[in-house]
Amino acid sequence: MGLPLLPIFSITLITFLFYHLYPRLRYKLPPGPCPLPVVGNLYQVKPVKFRCFAEWAQVYGPIFSFWMGSTLNVVVSSSALAKEVLKEKDQQLADRHRSRVAARFSKDGQDLIWADYGPHYVKVRKVCTLELFTPKKLEALRPIREEEVTTMVESLYKDCTNPENSGKSLSVRKYLGAAALNNITRLTFGKRFMNWEGVLDDQGLEFQAIAAERLKLASSLATAMHIPWLWWMFPLEEEAFAKHGERQDRLARVIMEEHSATRHKSGGTAQQHFVDALLTLREKYDLSEVTIIGLLWDMIAAGRDTMAVSVEWAMAEVIKNPRVQQKVQEELDRVVGYERVMTESDFSNLPYLECVTKEAMRLHPPTPLMLPHKAKSNVKIDGYDIPKGSNVHVNVWAVARDPEVWKNPNEFRPERFLEEDVDMKGHDFRLLPFGAGRRVCPGAQLGIYLVTSMLGHLLHHFWWTPPEGVKAEEIDMLENPGTATYMRTPIQAIANPRLPAHLYNRVVVDLFISSYLCQKLRFKLPPGPCRLPIMGNLFDIKPVRFQCFAEWAQVYGPIISVWTGSNLNVVVSSPELAREVLKENDQHLANRHRSRSVTKFTSDGQDLAWADYGAQYVKVKKL
Ligand code: HEM
């Protein structure tokens with residue numbers, strides 16, 4: 001009986017010595033918990049990893065290491081070390097660790113998220129930076145965001161004013177999830193997979209089934225996943241991954257074909273959705289079909305949960321802190337008022353709302369460990385050796401609660417950002433919800449727009465209270481395990497409408513899109529703020545117009561177009577363009593725009609000031 005055990009014991013011992021003792025003797029590794037043979041520290045890591053790592057950091061310090069099977073993992077938990085990882089040693093640490101699941105999902109890194117840092121990555125990242133997430137593109141996609149966010153408000157209003165739900169609380173997650181999903185599928189695939197009643201169409205059902213299957217596959221085989229030489233033991237799983245991949249490709253391909261056909265019909269004019277943009281750019285950037293499909297699914301995976309998670313946490317904090325809720329609402333009432341809904345143009349006048357978004361993302365970054373980076377070569381961090389191939393994690397959750405850099409770090413106090421403006425897009429290493437450096441989130445600005453917009457609308461339209469009998473301090477503020485950290489207990493709350501009933505209707509985008517696109521396709525118009533249906537930019541224009549236009553000129557340049565209802569207005573703000581308007585094109589631009597009242601008072605331009613340029617005007621002017 002004892003004999004067969006001997007070789008097993010010897011193999012285990014040799015493996016242990018090889019994987020764990022040899023690197024420890026050869027390198028000066030960061031301190032950390034003692035690993036077991038074969039599995040390393042796999043069974044010591046608690047499900048909510050970032051909390052477990054924050055506890056370990058208390059014991060071993062701001063940099064520690066542990067073993068997941070045979071892979072060395074390093075975690076840093078201070079702002080100074082985050083800077084070392086994401087700025088000073090950024091290039092050596094910009095590869096990705098692809099777990100077995102990530103490797104299968106990404107066809108071994110042919111997408112963006114799971115690609116190693118190299119020529120392929122640089123090319124695809126360039127597509128994101130120069131083509132997909134430019135300020136102009138984000139502005140062009142704004143109507144979709146505004147329609148989806150107001151649709152969420154409409155659906156919440158219907159439910160909370162339904163007499164059957166009187167006094168009952170709602171699960172906010174349901175509405176946030178639908179808004180995030182519709183936003184991301186429309187931006188990415190140019191499709192809404194559900195109708196306005198929330199019923200999924202056939203492609204939506206397939207999309208949902210793929211997402212559920214992905215989740216199931218991702219959570220399977222937790223142990224074997226970390227020990228590559230055990231993978232051969234699970235051939236069935238391999239088959240399931242392959243089938244899943246085919247299913248994902250099939251859906252993406254059908255959608256791509258639909259878009260190609262539409263583009264063909266419209267004479268090859270690309271629209272703004274990512275799928276159209278990528279198909280148009282295919283040759284310019286030499287993008288393979290695998291990469292385009294991978295990128296489309298990346299956007300869905302990276303954008304969907306992160307946005308819903310961020311808003312749910314922010315709502316939980318606001319419901320727990322009625323003082324903050326009241327203060328945001330006072331700001332919204334002052335700036336937006338009770339006669340219209342908020343738009344993204346209001347953001348610059350809503351500093352407190354911006355602080356609330358930041359404070360929520362500080363305390364609850366949706367991906368608290370970001371995504372793991374991998375060392376491309378041997379590198380030193382804080383004087384320790386990090387061997388090539390190790391995974392490096394930044395615990396941004398712990399950094400954002402570090403008492404060394406944050407006063408009362410666990411308190412939800414948005415005012416801290418009024419006192420000190422801290423960047424959250426990767427320039428300040430105390431606050432890193434989107435990461436920093438080469439692999440910083442390319443969708444950060446889009447994420448901020450959507451999170452701020454959802455939060456702003458929810459707070460402008462409703463006053464929120466905890467469910468009957470639940471005290472604010474009883475709200476469960478713990479997390480579920482997972483890469484994107486959902487609340488363990490979905491927040492429940494009572495929504496009380498606070499605006500006139502007609503402001504709860506969804507802002508329709510179809511009409512806008514068609515007239516907007518017609519104009520866009522026919523003329524090359526000057527840039528300018530995105531307009532709403534019917535009203536155009538009427539509500540965006542601030543009372544002191546020349547100042548407002550000067551501000552817009554800073555954003556859009558010295559020639560901008562602004563819509564007042566259906567009238568196109570063009571404003572120029574440079575001496576060269578003033579000369580072009582008032583000298584070179586003077587004659588073409590010498591007519592007057594007469595509003596309705598001016599038309600009435602001047603009998604349709606019979607005077608001098610409001611007359612169009614013509615024989616009558618020349619005669620009167622001569623006099
Ligand atoms: C509140 C919303 C969001 C948060 C908090 C967030 C956060 C992050 C973080 C922490 C990373 C990893 C950075 C790193 O590895 O160093 C990341 C990567 C990424 N995010 Fe976001 N994200 C958000 C929204 C979005 C959206 C809306 C999109 C696209 C539609 C997006 C697309 C991506 C992609 C493609 C990557 C991979 C970048 C790379 O590997 O180079 N994210 N995001």
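Ligands are counted one by one from 1 in listed order, and the atoms in each one are counted from 1 as well. For reference, positions follow the sequence shown, starting with 1.
If you check which protein heavy atom lies closest to atom 34 (C) of ligand 1, you get P442 CD, 3.5 Å. Distance from atom 42 (N) of ligand 1 to its nearest protein heavy atom, with residue and atom name: C441 SG, 3.0 Å. In this structure, atom 33 (C) of ligand 1 lies nearest to the protein heavy atom A302 CB, 3.4 Å. With hydrogens left out, the protein atom closest to atom 24 (C) of ligand 1 is T306 OG1, 3.5 Å, a heavy atom. When hydrogens are left out, the protein atom nearest atom 40 (O) of ligand 1 is R96 NH2, 2.9 Å; that is the closest non-hydrogen contact.
A heavy-atom separation below 4.0 Å is found between L112 and ligand 1. Put simply, part of M361 is less than 4.0 Å from ligand 1, judged by heavy atoms. At a 4.0 Å cut-off, not a single heavy atom of R304 sits close enough to ligand 1 to count as contact.
At a threshold of 4.0 Å, the pair K358-D421 counts as salt-bridged, since one of the basic side-chain nitrogens sits closer than that to a carboxylate oxygen. Between D90 and R439 there is no salt bridge, since no side-chain nitrogen of the basic residue lies less than 4.0 Å from a carboxylate oxygen of the acidic one. Of the charged side-chain nitrogens involved, at least one lies within less than 4.0 Å of a carboxylate oxygen, so that R362 and E359 count as a salt-bridged pair. Remark: R96 does not engage D116 in a salt bridge, criterion side-chain N to carboxylate O under 4.0 Å. Ion pairing between a basic and an acidic side chain is recognised when a charged N comes within 4.0 Å of a carboxylate O; R416 and E411 show no such pairing. Ion pairing of K320 with E317 is absent here, as no side-chain N (NZ or NE/NH1/NH2) approaches a carboxylate O to less than 4.0 Å.
For E404, the CD atom counts as loosely surrounded, since its 6.0 Å shell holds 12 or fewer non-hydrogen atoms of other residues, nucleotides or ligands.
With atom 13 (C) of ligand 1 as the reference point, the heavy atom nearest to it among H373, Q445, R439 is part of R439. Comparing L86, L93, I448, I113 against atom 37 (C) of ligand 1, the shortest heavy-atom distance belongs to I113. Summarising the contacts of atom 39 (C) of ligand 1 with Y121, W114, F434, the nearest heavy atom is found in Y121. Of the candidates L132, I184, L432, it is I184 that places a heavy atom closest to atom 30 (C) of ligand 1.
Counting atoms of ligand 1 from 1 in the listed order, those under 4.0 Å from a heavy atom of P366 are 5 (C).
Test T452, L459, T150, V336 against M342 for side chain to side chain contact (heavy atoms under 4.5 Å, CB included) and you get one pass: V336.
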